**Q** 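Pasting a structure below so you can have a look.
Quick note: residue numbers are just sequence positions, from 1. Quick caveat: nothing in here was measured; it's all calculated off a predicted structure.
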Amino acid sequence: NVVFTNGAVSTRAGSTKFNTTAIGSFVGDGIYTSRDNTGAETMVVFAGGTGWYLTGTSTFATIPSAQSVFTAGVRVATAQYENHLFAGNGGVTPYKYNGAHWTRHGVPSVASALTGTVSATGGTYPAATFYFKTVFVNSATVEGDVSPISTGFVVSANGSVELTGIPVAPTSHGVSSRRIYRASGAAGTFQRIATIADNTTTVYSDTYQPAGATAPSDNGEPPKYSTICLHQNRLFCNDTANPNYVWYSEITEPFTFKATSFRPIGDGSFDLVKGVFVYENGVMVQCERSCTLIYMPSTDPTDWVDIRIRSQYGSKSPFGSFLYKNKAMIPAMENTKFAGFASISGSSLDPTASALDVATAGGELSSDRIEPNMFDIDETYVGNISSLVFKNKAYITVTEAGSTTNGRIWIFDFSISNLNKSQSASWSPLSGLNAAQFTVFNGKLYYVSSTATGFVYQLEATAFSDDATAINSTFWTKEFAGIPGHENHDKDFRQANLLVEKTGSYPMQFGWRVDSDIGEGLTQNIDLTPGGEVWNTKNWGEFNWDAGQGQEDVRVFLGPARGKRIQFKFSNMVTLAQRFKVHWMTFTYNLKGKR
């Protein structure tokens, strides 16, 4: 429970409960921030199979029509585009949310053919046989697939047609109007003759209206997806019915997916598609045993190239990937075993007329410094790993062995620049926080609980406590053996000097132990009281004002401490609202000789 900032180590900030009333007794299945084109934000939570939205400042209400649409306990994936939040969990029809209405993602096709009657008068029809089709239209004026063809209507000269039984879509389909198309002859071209601007009217009289646009021929619905992203004005998603397919929507139109708009990735058997995310100029597809970059030099799918990353790592974590410093980090699987976090690095891929240069696409593991801890992550729940970048730090929530819910957060801090010239990032474990998933809302970091509490929490709060619970903030340094050449010599460790932040009227604990002792060693408390005069306790003009010290160079004597190596500890002693911050330290010893 510490963080590293500008060379210092300090107690992490606390967390506070956000919503005043629980969202039922549910585990969080997703938390997202929906943003429209004005910049307005809405926090959306999925829990108990239902969608919830933030009303006011700290209360959630169920999204109308979004009750029990998903399976409780199954993570919901979303993507934002054109003022809509598209959401699916792989098991049921995906939906969209525009801040007011919750309706199906795609535009469903009409299942039944039009019926009706013919009149010998009342119109300007020529004598011929005519056929009709109808189509549903959503609020974005996007059409779905047309209905089956009607039976032929034999019309005499100057006759008319009364269409009846025009299909009405359920409210959840998001249909705001319907369109009717007509053709002369079953094999003729169907052209639009009418738009019914509602979802209630069931009859229409056609006196031979002029024909307009041609009927759509391939406006299919999206598949049932469990991962989705936006790139180049298209949505990309997986398909739980065809687990090695990656589908993509029409460009600038996220509601329809043509029957041929998919790319097979993986093998459909052991190397299934688990995640998609944007990486450089393409979409990275995470399969269980491999990663493939769909490189996109243009918006034309015929120009796209599938590049399998030269690495043996795959991933089963659709919510665990994130971008940093022109790299992509993924929770990595190797031969069905969790291997840590793999960093995929690669510069731009420049295709030529004769060949595609893929030499710069590759992968490397970046978890060597925390490798033992990575093996504590329970492989049964790697699909629940979730990550989010906030202020140059990646927050990664995982399930560790012995648990069934996410109960550990790792911070991957890639903002560090002056701890060490060779160190480009640090890892910090946080405990006491049960985060299912993160979101950034109004510039602050939040998570929804992975336990059945129904609460959302703000992270990085200023109070150094977790919702009035003390933080167990302890940091052990590595073992120090002295200057080079002294590693095998016994030493009398004499004193330590450390620069501490004077954070409040309370102590921090400083400890030390030698030669890989696993106990607590010796300890001493260091007073962190800033000192100085207390405001309004002295007579004005009689005393000089002294605000006290913000930092202090503290000396601690280490005797008796003899050994080859020494290790140091900083702790807030698990006390509510207490913290520490140590900027640097040094120690001295007397060399006793080689033993």
**Q** Kindly indicate whether the side chain of Val107, heavy atoms from C-beta on, has any atom under 4.5 Å from the side chain of Glu143.
**A** no

**Q** Does atom NE2 (His173) have a neighbourhood of more than 12 heavy atoms from anything else shown, all under 6.0 Å?
**A**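 Yes.
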
**Q** Can we call the ring centroids of His231 and Tyr248 under 6.0 Å apart?
**A** no

**Q** For Trp304 and Phe236, I'd like to know if the aromatic rings sit close, meaning centre-to-centre distance below 6.0 Å.
**A**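 Trp304 vs Phe236: aromatic centres under 6.0 Å.
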
**Q** Ring centres of Trp427 and Phe414 under 6.0 Å apart?
**A** no

**Q** So, Ser177 versus Asp198: side-chain donor-acceptor pair below 3.5 Å or not?
**A**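 Note: Ser177 and Asp198 side chains miss the donor-acceptor criterion.
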
**Q** Decide if the gap between the ring center of Phe86 and the ring center of His105 is smaller than 6.0 angstrom.
**A**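 Distance test on ring centres: under 6.0 Å, yes.
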
**Q** Thr399 pairs by side-chain hydrogen bond (donor to acceptor under 3.5 Å, both in side chains) with which of Thr380, Asp376, Asn406?
**A** Asn406

**Q** Which distance, rounded to the nearest 0.5 Å, do you find between the OG of Ser345 and the CG of Asn326?
**A**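 Output value for this atom pair is 10.0 Å.
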
**Q** Quick one about Ser403 and Tyr381 (side-chain donor to acceptor, distance below 3.5 Å, no hydrogens or angles considered), yes or no?
**A**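 On atom types as modelled, these side chains do not qualify, holding no pair under 3.5 Å.
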
**Q** Please find out if less than 6.0 Å separates the ring center of Phe153 from that of Phe130.
**A** no

**Q** Check whether the side chains of Gln286 and Ser321 place a donor and an acceptor atom closer than 3.5 Å, and report yes or no.
**A** yes

**Q** Does a side-chain heavy-atom distance below 4.5 Å link Met43 with Ile31?
**A** yes

**Q** Tell me if the aromatic rings of Tyr95 and Trp102 count as close, with their centers under 6.0 Å from one another.
**A** yes

**Q** Is it true that atom CG of Asn335 has more than 12 heavy atoms of other residues, nucleotides or ligands lying nearer than 6.0 Å?
**A**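 Not buried by this count: 12 neighbours or fewer within 6.0 Å.
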
**Q** If you take the centroid of each ring, where Trp contributes its six-membered ring, are Tyr446 and Phe18 closer together than 6.0 Å?
**A**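 Under 6.0 Å, so yes.
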
**Q** For a quick check under 3.5 Å, do Thr103 and Lys96 share a side-chain donor-acceptor pair by atom type?
**A**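 Note: Thr103 and Lys96 side chains meet the donor-acceptor criterion.
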
**Q** Are any side-chain N or O atoms of Ser386 and backbone N or O atoms of Ala436, one a donor and one an acceptor, separated by less than 3.5 Å?
**A**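 Yes: the side chain of Ser386 pairs with the backbone of Ala436.
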
**Q** Rounded to the nearest 0.5 Å, how far apart are OH of Tyr81 and CG of Leu230?
**A**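 Between atom OH of Tyr81 and atom CG of Leu230 there are 6.5 Å.
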
